[in-house]
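Letters go in sequence order (proteins before strands), and every chain restarts at 1.
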There are 2 protein chains.
Amino acid sequence: MTHHESVLAELKAAGVRLTPQRLLVLQTIAEAPGHASVEDIHRRAKQAYPYLDVATVYRTVQLLKRLNVVTEIDIGHRLHYEMAAEGARHHHMVCDECGGTYDLAPRQLESLRQRLEHEFGFRANLDHFTVTGVCAACVARAG
Amino acid sequence: MTHHESVLAELKAAGVRLTPQRLLVLQTIAEAPGHASVEDIHRRAKQAYPYLDVATVYRTVQLLKRLNVVTEIDIGHRLHYEMAAEGARHHHMVCDECGGTYDLAPRQLESLRQRLEHEFGFRANLDHFTVTGVCAACVARAG
DNA sequence: CTAGGTGCAAAGGGTTTGCTACAAC
DNA sequence: GTTGTAGCAAACCCTTTGCACCTAG
């Protein structure tokens, strides 16, 4: 069973109707390079089905988020979405200069997570973790 | 020279007009417990001067942010503001359950910052750093 | 006096919602 | 056939902006 098939199975199990619109949104998110904003998803998906409404995209990403099929990432001031892909969960570094985003493996954050738990009893949820700063390329270019 | 006085001196040095509205907004932020949203600031400040407009609050916090008098914190989906207070810079943990916010000292994040710099050459800007999760109290209460 | 700020109201961008026709099951 | 969903448009929230009047320096 491919990942795509298992996602569809999950959705059916949750009693969710598999409408063409939902499949399209799902496929669009899956095919997007990295994470995509609602606007990105809408724009790309409309190429396949021009009647698709933004409201449907909003409702669908919320549904998929609730079912843990996609994860929500807070970048700048818009929410972005990407496939949850449990096996490859990662976090992001966003460059303030060039806007580029870079992946960060969960193990990079493990020590921080443990520290917060031990010192404060705070169970950090780093699923949507994003750090901003200046990437190596921009540091090299501008200082 | 108190902190308040030095802030006023900074503003004058920057050629900023010290209007009653600006002083009121500044004072309101300074007196707020922790960080405050624009709405919080506006609501509180209006008690002293009912004609104060939200637009003025927005313009003022942006001005103060530009002058590094206040810092902007991205909590949930609204921006919050607090006095910059250089000597006591800190970060936040926000509880998803109860909405409570807790301070985090810069040293707690230092190892993370160094790791990102060494491994990726990424200069993380942790000034506005916020982690979400579940606080100790809520963990105890609900599991 | 004069540059610049204030209040007001209106516009703006992103997101949500009420409704009716329609499609998945 | 039922029940939930899509599309549409309007509402919504937070934030920004244009403008005439006013005020700090």
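- B:Y51 comes within 4.0 angstrom of the backbone, heavy atoms only, and of no base.
- Checked against B:I41 for a side-chain contact (heavy atoms from CB on, under 4.5 Å), the options B:L26, B:V54, B:V61, B:L52 give a single hit: B:V61.
- In terms of phosphate contacts, A:Q62 brings a side-chain nitrogen or oxygen within less than 4.0 Å of OP1 or OP2 of C:dT16.
- Of the candidate nucleotides C:dC8, D:dA6, C:dG14, D:dA6 has the atom nearest to the side chain of A:R59.
- When atom types are taken as modelled, the side chain of B:T60 and the backbone of B:T56 share a donor-acceptor pair closer than 3.5 angstrom.
- With B:H80 contributing its side chain and B:G34 its backbone, the two residues share no donor-acceptor pair below 3.5 Å.
- For B:Y58, whose side chain is taken as the heavy atoms from C-beta onward, the closest listed nucleotide among C:dT6, D:dT15, D:dG7 is D:dT15.
- Between the side chain of B:H35 and the main chain of B:I29, no donor-acceptor pair closer than 3.5 Å is present.
- Taking atom CG on A:D53 and atom P on D:dG7, their separation rounds to 6 Å, with Å as the unit.
- The side chain of B:A55 lies closest to D:dT16 when the candidates are D:dT16, C:dT16, D:dT15.
- A straight line from CG of A:L52 to P of C:dA23 spans 15 Å, rounded to a whole angstrom.
- Applying a 4.0 Å cut-off to non-hydrogen atoms, the residues of residues 11-34 of chain B that approach DNA chain C are B:R17, B:T19, B:Q21, B:R22, listed by residue number.
- A donor-acceptor distance shorter than 3.5 angstrom exists from the side chain of A:H91 to the backbone of A:L126, with no hydrogens or angles considered.
- Distance, B:K46 NZ to C:dC8 P: 10 Å, rounded to whole Å.
- Atoms NE2 (A:H80) and C1' (C:dT15) sit 14 Å apart, rounded to a whole Å.
- In this structure, a donor-acceptor pair under 3.5 Å is present between the side chains of A:S37 and A:D40.
- Spacing between atom CZ of B:R78 and atom P of D:dC13 amounts to 10 Å, rounded to whole angstrom units.
- One atom, CG of A:L79, and another, P of C:dG13, lie 19 Å apart when rounded to the nearest Å.
- Between B:Y49 and A:V38, the residue anchored closer to the 5' end of DNA chain C is B:Y49, taking for each the nucleotide with the nearest heavy atom.
- Atom pair B:R66:CZ and C:dG4:C1' shows a separation of 13 Å (rounding to whole Å applied).
- Put simply, the side chain of B:T28 gets close to the backbone of B:L24: a donor and an acceptor are under 3.5 Å apart.
- Between the CG atom of B:L63 and the P atom of C:dG5 there is a distance of 8 Å, rounded to whole Å.
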